[in-house]
2 protein chains.
Amino acid sequence: MMKNYFKSVIPETTLRRMVYYTRCLNSFKNEGVKLIQSEDIAKKCGVKSSVVRKDLSYFGEFGVRGKGYDVESLLSTINGITNTFGKMNAALIGVGKLGSAIIKHSTENFNVKIIAAFDKDKKKINKEIGETKVYSVKDIENIIKKYKIKIAIIAIPPSDVQEIVDILVKAGIKAILSLALIPLNVPDDVEVSFVDVLSEVEFLFYKLSLRRNI
Amino acid sequence: MMKNYFKSVIPETTLRRMVYYTRCLNSFKNEGVKLIQSEDIAKKCGVKSSVVRKDLSYFGEFGVRGKGYDVESLLSTINGITNTFGKMNAALIGVGKLGSAIIKHSTENFNVKIIAAFDKDKKKINKEIGETKVYSVKDIENIIKKYKIKIAIIAIPPSDVQEIVDILVKAGIKAILSLALIPLNVPDDVEVSFVDVLSEVEFLFYKLSLRRNI
DNA sequence: TATACTATGTGCTTGTGATAACAAGAGCAA
DNA sequence: TTGCTCTTGTTATCACAAGCACATAGTATA
């Protein structure tokens, strides 16, 4: 039976794994593999095959029972979910060491493309890092609106973050990835996500410490 | 009633929030706040006060009913959980742009200290970034054993990751934070965690896309 | 000392994600 | 067509985390 394209609510954990699956599928594709089974994806990603099937089933029925999934078509179906079918365009604020590392990383890998970067340092403005042009932070609103960018990565000192966040929200940004683990004030319709290496290391310390003390 | 120090099993989500609480408490401390309530922490961290209280209760009873928590003593109690009471020492593999950004970040902020870095590029070996000395990857086992380092951050190209992971495990590393979202082979007693900016951005794309399509 | 007040700590309910077990569908062969 | 095999898609169960709501215990005040 054909079902409506998306089930009611899709768990965040599933969405996170979808990113992982995409990586795996691309890897299979590059190896020339045409057909795979849920078990193959599961092994490669370190999850259970039932999880893979369940995750995929949230979006529709893509497999053939008794056979498996067609790598190519599964990939393009997943790409279709984000409606991008190409690069996912994002902006980056803060072209310091971390910021430029991310730009470099995005040129080498995967699906995300940083199409505009911003900094307040005049020495950096108007230069290019790879294909990414660096603008003044004063131009954030203009450029973001011009290119209809919806996602921004923030790689600036914590003290400046909220000020920039306000500008981004005003410019129409709908999701912010902050590289500093500090609370952000945003409207309800703006997604916020944190990535912080040192926080994660601290978390690992907690985990290790508790292992012995239980 | 005094209870045994740690309750049976502590949820991962709680441990993650503990890191966040630490940040908030330090922030309160710097502002000169002596006494706080669960509601204060909750607001600052964007969670419910009952969650804060429950999280803390996993480790013991630190508050005074009718008053709240003493900032200073709560902080040192939490620090005590990791048995470090000072810096948390970690190693870093790969002194590229990303790696050196992390080292710089760790000198400026928070609790984690990178006490040894490793690279295979001879130009980088024996130099120092801040207070962190850069060693040859050939010395990983020696140095890690010498300083009894238990946690390592990996910031190298995906193709080299597994090779380094094997060396780290052999050297006694018990937790690995990988900056590339690729599966790692490790023994069961080694914790593995991933932090990948671009994966997180992709995840946000999924989230935004689905918002409209439900 | 008694009483009112305040914020903690904690059972208990509720909701959500993970897991396993199973039913259903597709291909193939006789 | 019938039966067999294989792997998907789904259902039912289990485990766990979130949040409420209240009993508890300490503080302040008279």
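Computed from heavy atoms alone, side chains included, the values below leave out hydrogens, waters and symmetry copies. Numbers restart at 1 for each chain; the letters A, B, ... are given by sequence-line order, proteins then strands.
Using a cut-off of 4.0 Å between Lys/Arg side-chain N and Asp/Glu carboxylate O, B:E191 and B:K174 are scored as not salt-bridged. For A:E163 and A:K120, the salt-bridge test fails: no basic side-chain N is under 4.0 Å from an acidic carboxylate O.
Summarising the geometry, the separation between CG on B:D70 and P on C:dA7 is reported as 16 Å, rounded to the nearest angstrom. As rounded to whole Å, 14 Å separates atom C1' of D:dT10 from atom CG of A:L56. As rounded to whole Å, 14 Å separates atom P of D:dT10 from atom CZ of A:F59. Atom CZ of A:R53 is separated from atom P of C:dA20 by 11 Å (rounded to the nearest Å). For the pair B:K54 NZ and C:dC12 P, the interatomic distance rounds to 11 Å; values are reported in whole Å. Taking atom CG of A:D55 as the reference point, atom C1' of D:dT10 lies 14 Å away to the nearest angstrom. What separates OH of B:Y58 from P of D:dA18 is a distance of 8 Å, to the nearest Å.
Look at B:K48 and you'll find a side-chain N or O under 4.0 angstrom from OP1 or OP2 of D:dC20. Note on A:R17: a side-chain N or O is less than 4.0 Å away from OP1 or OP2 of C:dA18. Between D:dA18 and B:T13, a contact under 4.0 Å exists linking OP1 or OP2 to a side-chain N or O.
Checked against B:I154 for a side chain to side chain contact (heavy atoms under 4.5 Å, CB included), the options B:L179, B:I176, B:L177 give a single hit: B:I176.
Using modelled atom types, one side-chain atom of A:Q37 and one backbone atom of A:K67 make a donor-acceptor pair closer than 3.5 Å.
Counting heavy-atom neighbours within 6.0 Å of A:Q162 CD, excluding the residue itself, gives a total above 12.
For B:E61, taking side-chain heavy atoms from C-beta onward, the closest of the listed nucleotides C:dA24, C:dG9, D:dG19 is C:dG9. Side chain of B:K67, nearest nucleotide from C:dA21, D:dC20, D:dT27: D:dT27. Comparing C:dT8, D:dT10, C:dC12 by their nearest atom to the side chain of B:Y69 picks out C:dT8. Comparing atom distances between the A:V64 side chain and each of C:dT19, D:dG19, C:dG27 picks out C:dG27 as nearest. Here the nucleotide nearest the side chain of B:R65, chosen from C:dG27, D:dT7, D:dT24, is D:dT24.
For the pair A:P11 and B:S50, nearest-nucleotide mapping onto DNA chain C gives the more 5' position to B:S50. In this structure, A:V51 and A:G66 both approach DNA chain C, and ranking their closest nucleotides by distance from the 5' end singles out A:V51.
Using a 4.0 Å cutoff on non-hydrogen atoms, the parts of residues 34-46 of chain B near DNA chain C are B:Q37, B:S38, ordered by number.
Proximity of the aromatic rings of B:F118 and B:Y135 is defined here by a centroid distance below 6.0 angstrom, and this criterion is met.
Remark: the B:Y21 side chain and the B:D55 side chain contain an N/O donor-acceptor pair separated by less than 3.5 Å.
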